[in-house]
K.L.:
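Dropping the structure in here first, questions after.
Everything quoted here is computed from the prediction, not taken from an experiment. We count ligands from 1, going down the list as the structure has it; atoms in each ligand are counted the same way.
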Amino acid sequence: MGFDIPEPYVWDESFRVFYETLDTEHKGLFQGIFACIGENSQGNLDTLRDKVEKHFSTEEGMMKKNNYADYESHKKLHAEFVGKLAALSAPLDGPSVDYAKNWLVNHIKGIDFKYKGKLG
Ligand code: FEO
């Protein structure tokens, strides 16, 4: 997968999944990573982790409620990213920042997009 990485790193309409809560949370994840680029602090990394975990919980809840067929495999991808973030500490190095930036873009467009129109 290789979707374009926005520069500056900000959510745009091309990431819309058409569920307001999820689009709002996705915007927040972009902001969370953007904040870590601006001020590479443990506080911003912790905030990003919180936002990520809250978003995955919301999204998984919606998938489960709607008996989404790819729930288990999608959830596994979320858990992998949470694990990667948990292993990081501030200040993040360049490859870690790039990993997070790439992961979010490719996850939304490559994986989240598959549930469009299927979550009720
Ligand atoms: Fe929006 Fe699957 O994370």
Side-chain angles (χ1 to χ4, degrees):
M1 290 188 291
F3 297 99
D4 289 343
I5 307 301
E7 185 54 51
Y9 198 71
V10 177
W11 185 96
D12 64 57
E13 296 287 329
S14 74
F15 292 95
R16 197 177 280 284
V17 293
F18 300 96
Y19 299 104
E20 199 177 338
T21 308
L22 300 179
D23 283 327
T24 299
E25 289 183 356
H26 284 159
K27 277 178 209 171
L29 299 186
F30 273 87
Q31 287 163 357
I33 292 175
F34 187 84
C36 288
I37 299 166
E39 186 200 313
N40 199 335
S41 64
Q42 191 62 41
N44 279 344
L45 177 58
D46 290 342
T47 300
L48 173 62
R49 282 186 185 130
D50 289 347
K51 285 181 172 192
V52 164
E53 288 182 31
K54 181 177 179 303
H55 168 61
F56 289 169
S57 170
T58 304
E59 200 174 84
E60 287 166 16
M62 287 176 68
M63 288 193 278
K64 202 167 173 63
K65 193 175 154 207
N66 289 279
N67 296 311
Y68 181 61
D70 293 335
Y71 169 76
E72 290 296 340
S73 59
H74 195 139
K75 190 177 172 184
K76 195 182 255 186
L77 295 172
H78 287 170
E80 284 171 12
F81 188 57
V82 168
K84 291 265 192 183
L85 287 183
L88 299 176
S89 58
L92 298 175
D93 59 15
S96 297
V97 170
D98 287 343
Y99 165 77
K101 287 168 75 175
N102 278 291
W103 191 92
L104 182 62
V105 164
N106 285 289
H107 181 79
I108 293 175
K109 290 193 169 176
I111 304 296
D112 286 354
F113 272 18
K114 293 178 183 173
Y115 63 55
K116 282 202 276 189
K118 297 180 179 172
L119 301 187

K.L.:
Does the side chain of Thr47 pick up a donor-acceptor pair with the side chain of Asn44 at under 3.5 Å?
P.N.:
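Note: Thr47 and Asn44 side chains miss the donor-acceptor criterion.
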K.L.:
Give a yes or no on whether the backbone of Lys101 and the side-chain of Tyr9 come within a donor-acceptor separation of less than 3.5 Å.
P.N.:
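The answer is yes, because a donor-acceptor pair under 3.5 Å joins these two groups.
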K.L.:
Okay, side chain of Thr24, backbone of Glu20: is any donor-acceptor separation there less than 3.5 Å?
P.N.:
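Confirmed, Thr24 side chain pairs with Glu20 backbone.
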K.L.:
Do any protein N, O or S atoms sit under 2.8 Å from atom 1 (Fe) of ligand 1, and which ones are they?
P.N.:
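Protein N/O/S atoms under 2.8 Å of atom 1 (Fe) of ligand 1: His26 NE2, His55 NE2, Glu59 OE2, Asp112 OD2.
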K.L.:
To check you understand the geometry: which heavy-atom pair defines the closest contact between Asp12 and Pro6, and what is its length?
P.N.:
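Shortest heavy-atom contact: OD2-CG, 4.4 Å.
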K.L.:
Please assess His78 against His55 for the test side-chain hydrogen bond (donor to acceptor under 3.5 Å, both in side chains), listing each intermediate value before the final yes or no.
P.N.:
CA-CA 10 Å; His78 287 170; His55 168 61; 5.4 Å; no
K.L.:
Check whether any side-chain N or O of Asn40 sits under 3.5 Å from a backbone N or O of Ala90 as a donor-acceptor pair, and report yes or no.
P.N.:
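No: the side chain of Asn40 does not pair with the backbone of Ala90.
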